[in-house]
Amino acid sequence: LLYSFLAYLAITRPLTIEANLCTGILVALAIAHSVECYLFRRTIAEAPGHPAWHMLNVFLFGVFHRFLMKQAISSRGEPSA
């Protein structure tokens, strides 16, 4: 939702301070999440499911999706009751 709002402001108010600020925030978030994808590549590879899906979710949600992957990895190793 945040990404959509920032993109909306950046597109609908061209050549304004708000648009420049929103564009800068979007670029910074994209760079930060790209770095997270690189740093969490081993966790992404170990997680059950398709790695591309996990990569997309890490790119969109960042460290929050990492917690879900870690839970899935740890629960996969436990015997089911």
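Every heavy atom of this structure was used, including side-chain atoms; hydrogens, water molecules and symmetry mates were not.
- Through direct or indirect side-chain contacts shorter than 4.5 Å among Ile, Leu, Val, Met, Phe, Trp and Tyr, Ile25 is connected to Leu2, Tyr3, Leu6, Leu21, Leu26, Leu29.
- With hydrogens and angles ignored, the 3.5 Å screen pairs a side-chain donor or acceptor of Arg41 with a backbone N or O of Tyr38.
- Taking hydrophobic clusters as Ile, Leu, Val, Met, Phe, Trp and Tyr residues chained together by side-chain heavy-atom distances below 4.5 Å, Val63 shares a cluster with Leu39.
- Scanning all heavy atoms of the two residues, the minimum distance from Ala19 to Pro14 falls at CB-CA, 4.3 Å.
- The shortest non-hydrogen separation linking His33 to Val58 is ND1-O, 3.6 Å.
- At least one side-chain heavy atom of Lys70 sits under 4.5 Å from a side-chain heavy atom of Thr43.
- Under the 4.5 Å side-chain criterion, counting only non-hydrogen atoms from C-beta, Leu9 is not in contact with Glu18.
- In plain terms, the two heavy atoms of Phe59 and Cys37 that are nearest each other are N-SG, 3.7 Å.
- By the criterion of side-chain heavy atoms lying less than 4.5 angstrom apart, applied directly or through intervening Ile, Leu, Val, Met, Phe, Trp or Tyr residues, Val35 is grouped together with Phe40 in one hydrophobic cluster.
- We find the CZ-SG distance between Phe5 and Cys22 to be 6.5 Å, quoted to the nearest 0.5 Å.
- Clustering ILVMFWY residues whenever any of their side-chain heavy atoms sit less than 4.5 angstrom apart, transitively, puts Met55 in the very cluster that holds Phe67.
- How far CG of Leu68 is from NE2 of His54: 9.5 Å, rounded to the nearest 0.5 Å.
- Hydrophobic clustering (ILVMFWY, side-chain heavy atoms < 4.5 Å, transitive): Ile44 and Leu56 are in distinct clusters.
- Closest approach of Ala10 and Thr23 over heavy atoms only: CB-OG1, 3.6 Å.
- Using a 4.5 Å heavy-atom threshold, the side chains of His65 and Met69 count as touching.
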